[in-house]
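What follows is one structure encoded as C-alpha cells, with my remarks underneath.
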There are 2 protein chains.
Amino acid sequence: MNPTSGNAPDSLLKLENFLCFAIYSTANAVTRAYQPRLAALGLTYPQYLVMVVLWERENQTVKSIGDKLSLDSGTLTPLLKRLESAGLITRRRDTADERQVLIGLTDEGRATRKRAEAIPIAIGQAFGCTLGEAKDLRAELMTVRDNLIAGIDKAK
Amino acid sequence: MNPTSGNAPDSLLKLENFLCFAIYSTANAVTRAYQPRLAALGLTYPQYLVMVVLWERENQTVKSIGDKLSLDSGTLTPLLKRLESAGLITRRRDTADERQVLIGLTDEGRATRKRAEAIPIAIGQAFGCTLGEAKDLRAELMTVRDNLIAGIDKAK
DNA sequence: ACGCATTAAATCGCACACAATTAAATTGTG
DNA sequence: CACAATTTAATTGTGTGCGATTTAATGCGT
C-alpha cells in the first residue's frame, strides 16, 4: 500500500501528496496573514523576524542574526539598511574586529516591541490550533528543517 | 503554565517559540534542498510546482494554476513566460473566452516529467521522516494554511 | 440592447532569497 | 614575521511573491 493517497505509480509526483508544497504554501499564507498587522508597524515579515532577534539581544553581528534566521548577508544587508533608514536600528563596524557590523536598536526600535506584543497572540488564533498543537508542529518542522540543512551542508 | 518554553511574560515574542518562523525557515530550507536537483532540469522550485500541476493536467488557465498553488498572475505571468522561453510550456489565448490564457506542455515539457520522477524520492529521504509522518505533517500544515487563508479572506 | 459589475491577465513597484563574486580584516601556520 | 587560508559583509544578478493598478472580455440586470 502506498501511504500517500492513491496507488498510481506516479502518485509521488502529485501536488496533493507533496509535503514540500504544504510547507511552501503555508509559509506564503503566514506572510500574507502577518502583512496587515506588520504594515501598521511599518515592517515586513522578514524585517519583523530580525527585530524579534534584536529584541532578545541588542548589538548582534550580521552573522549572528543570519545564523539564527538562516539568512545570508545577501538578504540581510539590504534589509538592515532599510531598517536603518526607517530609524529602528543602528549599524556600526565593530572596532575590535573591523570585519563585523554590529546591529543595535534605536529608542524607536525598542519602543516598537511593545506595539508588536499583540501580534503573536492574534496570529496564534488565526492558526486555529491549540498552543500544544502549535508547539508539537513547531518541533516537527524544526526537525525536518535541520535534516534538510544537514543534507545540504553534507553535499558541499 | 505557559505551554511554550519558559515562563517569562515576553516568551511569546521569542523566536524559538514561533511556529511561523519554523514554517518560514523550513520553506527556505526546502527551496535550497531542491535547488541543485532542479537546476539539472533548468527549473526553479516555483517553476517545478507549476510543472507538477501541468503534468497532472494539461491546458489549464493561469487562474486554475494560481488557485492550486495560491499564487496570483503577478507572480505567475512572468514565471510562465520564462517557462515558455525555456521551451517547456505553451501559452495561448482561449478562443472561447479571450480573457483566459491556456497553458499547455511542449514535448520537452512532457519529457521533463520522467527526469523529475526521482526528485520526490530523494527529497523525501532528505526530510528524514517516514512517509506516514510526512503525510500527517502535510495534513496538519494544510489545515493551518486553510485556517490562515480563511482569516485573510474574512478580513476583506 | 445598454451599461455596469465582475473576471482574467498583464503590468508596475517593492522587498525578499540566494548563488556567486569581491573586498577587507583576521587567523593560523610554518 | 610572512603569507596563505579563513571569516565577515557587501555587491551583483536572477527569480520570485504580492499589493495595487490597468486593460480587455464577459456576464447580468433592467
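Sequence lines set the chain letters: A, B, ... in the order given, protein chains first and strands last, and positions in each chain run from 1.
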Contact under 4.0 Å: A/Thr77 side-chain N or O vs D/dA10 OP1/OP2: yes
Given C/dT11, D/dA9, C/dC16, the nucleotide with the shortest approach to the side chain of A/Thr61: D/dA9
Options D/dA25, C/dA19, D/dT16, nucleotide nearest the side-chain atoms of B/Asp97: D/dA25
SB check A/Arg93 A/Glu98 (cutoff 4.0 Å): no
Sugar-phosphate only, base, or nothing, as touched by A/Ala96 at under 4.0 Å among non-hydrogen atoms: sugar-phosphate
Spacing of B/Gln35 atom CD relative to C/dA19 atom P, expressed in whole Å: 6 Å
Options C/dA19, C/dA25, D/dA9, nucleotide nearest the side-chain atoms of A/Glu98: C/dA25
Which nucleotide in D/dA9, C/dA19, D/dC18 has an atom nearest any side-chain atom of B/Leu71: D/dC18
Nucleotide nearest A/Gln100 (side chain, heavy atoms from C-beta), chosen from C/dA19, D/dT8, D/dT16: D/dT8
Length of the CZ-P vector between A/Arg145 and C/dA17, whole Å: 14 Å
Sugar-phosphate only, base, or nothing, as touched by B/Leu79 at under 4.0 Å among non-hydrogen atoms: sugar-phosphate
Sugar-phosphate, base or nothing in reach of B/Arg82, heavy atoms under 4.0 Å: base
Short side-chain N/O contact from A/Lys81 to OP1 or OP2 of D/dA9, under 4.0 Å: no
Distance, rounded to the nearest Å, where B/Leu69 contributes CG and C/dA9 contributes P: 14 Å
Nearest-Å distance for atom pair CD1/P, residues B/Ile65 and C/dA8: 14 Å
Whole-Å distance separating the CZ atom of B/Arg93 from the C1' atom of D/dA25: 9 Å
Minimum-distance nucleotide (side-chain atoms of B/Asn28 versus C/dA19, D/dT11, C/dA17): C/dA17
Separation of C/dC18 C1' from B/Tyr34 OH (nearest whole Å): 18 Å
Pairwise 5' ranking along DNA chain D for A/Leu80 and A/Tyr24, keeping only the more 5' one: A/Leu80
Contact under 4.0 Å: B/Arg91 side-chain N or O vs C/dA10 OP1/OP2: yes
With B/Leu80, the side-chain contact (heavy atoms from CB on, under 4.5 Å) member among B/Val101, B/Thr90, B/Val62: B/Val62
Salt bridge present between B/Arg138 and A/Glu16 (N-O < 4.0 angstrom): no
B/Tyr45 side chain near C/dC18 phosphate (N/O to OP1/OP2, under 4.0 Å): no
Flag for B/Lys81-B/Ser85: side-chain donor and acceptor within less than 3.5 Å: no
B/Arg32 side chain near C/dC18 phosphate (N/O to OP1/OP2, under 4.0 Å): yes
Common cluster, A/Met142/B/Phe127, ILVMFWY with side-chain heavy-atom separation under 4.5 Å: yes
Contact nearer the 5' end of DNA chain C, comparing B/Val101 with B/Ala29: B/Val101
Aromatic plane relationship, B/Tyr45 with B/Tyr34 - under 30° parallel, 30 to 60° tilted, over 60° perpendicular: tilted
Sugar-phosphate only, base, or nothing, as touched by A/Ser70 at under 4.0 Å among non-hydrogen atoms: sugar-phosphate
For C/dG30, the Watson-Crick or wobble partner whose two distances fall under 3.5 Å: D/dC1
Rounded distance (Å) that lies between atom P of C/dA19 and atom CG of B/Leu38: 13 Å
Among D/dT16, C/dT11, D/dA9, the nucleotide that comes nearest once only the side chain of B/Gln47 is considered: D/dT16
A/Leu38-B/Ile149 co-clustered via ILVMFWY side chain contacts under 4.5 Å: no
Sugar-phosphate only, base, or nothing, as touched by B/Thr44 at under 4.0 Å among non-hydrogen atoms: sugar-phosphate
B/Arg99 side chain, from C-beta outward: closest of C/dT7, D/dG17, C/dC16: C/dT7
For atom CG of B/Leu76 and atom C1' of D/dG15, their distance in whole Å: 13 Å
